[in-house]
Amino acid sequence: MKILANDGISKAGKKALEEGGQELLENKIPQEELADFINQNNVEVLLVRSATKVRQDLIDACPSLKIIGRGGVGMDNIDVEYARGKGIKVINTPSASSRSVAEMVFAHFLSLARFLHESNRMMPLEGESKFNDLKKSYSKAVELSGKTLGVIGFGGIGKEVVKMAIAFGMQVKVLTTKARTESISLKFFDGQRVDFQIETTDNMEEFLKDLDFLTINTPKTDGYLIDNEQFKMMKDGIFIVNTARGGVINEKSLIDAIEAGKVAGAALDVFEEEPTPALSLLMNPALSLSPHLGGNTVDAQEKIGTELAEQIIELSKSYK
Ligand SMILES: O=C(O)[C@H](O)COP(=O)(O)O
C-alpha cells in the first residue's frame with residue numbers, strides 16, 4: 001500500500017514496512033496542503049502522531065484513504081467515528097509508549113520534589129546572593145518515599161506509574177470512573193514477580209484530600225477534570241504532573257492555586273494551546289515544562305513504528 005508518514009516514523013517501523021512490501025513516503029506536509037498531496041500521490045495509508053489533524057474535511061477530501069494510523073495513544077486529533085463510518089480503518093498503538101510516559105511522570109516528580117526546574121532557571125543567570133536563595137529553595141525539597149501519590153486513570157500508563165511508585169516506597173491511591181480491584185505485577189530482572197492488589201476509588205473528594213503528589217493519565221475529557229472545585233479538595237503543598245492532555249487541568253485555576261500556596265509545583269507536558277502554550281505558564285517559576293515529550297523516547301518510537309507496521313501489513317492483505 002502507499003503510505004504517508006506525516007509526523008515521522010522510527011527506523012525500525014520504516015524497515016518493517018519496507019520489508020513487508022509497502023511503499024513509504026516520509027514527508028511533513030503542512031495541514032493545508034495535505035489533501036492535495038494525498039490525492040496527487042494516491043496515498044492509501046496516512047500515519048500521524050498528534051501534530052497532524054485528521055478531521056472530517058480532510059477525510060471527505062481524500063477518497064483514496066483506507067487506513068489512518070496513529071503512532072501513539074490519544075486519538076483526539078482524528079475524527080475516529082467519522083472515518084470508521086466511511087469504511088476507513090483507524091488504528092493506534094495503545095501500549096507501546098506506556099512505560100516512556102510513566103518514566104516522564106517520574107522525571108517530572110523527581111524534578112519537582114527537588115526544585116530542579118527552579119535551579120535550572122536560576123543557576124546560569126544569578127550571582128552569589130541569589131545562589132543562597134536557591135539553596136533555601138532546596139530546603140523545601142522532599143523525598144518521594146513515604147509520600148502519598150494519586151493516579152487518575154488506570155490504563156497502561158497509570159499501571160506503569162503505580163508499579164514505579166511502589167518501587168519508590170510511595171503510598172498509592174487510584175481514581176477510576178468505576179471503583180474496582182485489579183492486580184498488577186512487578187517484574188524483576190531475575191524473572192521473579194510480585195503481585196499487588198490495587199483497589200481504585202471513584203470518589204474524587206476522598207481521593208484528592210490527602211495527596212502529596214498527583215498525576216493524570218486519562219484520555220482527553222469533556223471539560224476540566226481538575227478545576228477550582230478540585231483544587232479546594234487538595235491539601236496545601238501538593239505537586240501535580242499532567243502528561244495526559246491539555247484541557248484536563250484548567251491552566252488558569254492551576255496558576256491561581258500555585259499563587260494561593262495550594263500547589264507547591266506542577267509539571268506540564270501537555271497544554272490547552274499547543275505547540276505554543278500561554279505565556280503565563282512559560283514565565284511561571286513554579287512550573288516545570290516539557291513540549292509534549294511523554295512518548296518521545298527511542299524505545300517507545302521503535303515499538304510504535306513496529307506495531308504500526310505489523311498492523312498495516314496484516315490489514316493490507318484484505319485490500320489485495
Ligand atoms: O497520545 C500519545 O501517544 C502521546 O500524547 C504522544 O503524542 P506524540 O506522538 O505526538 O508525541
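Each ligand, and each atom within it, is numbered from 1 in the order the structure gives.
At the shortest separation from atom 2 (C) of ligand 1 among protein heavy atoms lies Arg70 NH2, 3.2 Å. The protein heavy-atom contact nearest to atom 10 (O) of ligand 1 is Ser50 OG, 2.4 Å. Of all protein heavy atoms, the one closest to atom 6 (C) of ligand 1 is His292 NE2, 3.6 Å. The protein heavy atom nearest to atom 11 (O) of ligand 1 is Arg49 NH2, 2.9 Å. Counting protein heavy atoms only, atom 3 (O) of ligand 1 is closest to Val73 N, 2.6 Å.
Judged as a side chain to side chain contact (heavy atoms under 4.5 Å, CB included), and not counting sequence neighbours, the contacts of Lys2 are Glu23, Leu25, Asn41, Glu44. Taking the side chain to side chain contact (heavy atoms under 4.5 Å, CB included) definition, one finds that Gln311 meets it with Ile91, Thr93, sequence neighbours left out.
Of the residues Asp210, Thr148, Asp212, the one that meets the side-chain hydrogen bond (donor to acceptor under 3.5 Å, both in side chains) test with Lys235 is Asp212.
Nearest to atom 1 (O) of ligand 1 by heavy atom, out of Ser97, Gly74, Ala96, is Gly74.
No heavy atom of Met75 sits closer than 4.0 Å to any atom of ligand 1.
Nearest heavy atom pair, residue Ile29 against residue Asn6, reads N-OD1, 2.8 Å.
The closest side-chain heavy-atom distance from Tyr319 to Val45 is not below 4.5 Å.
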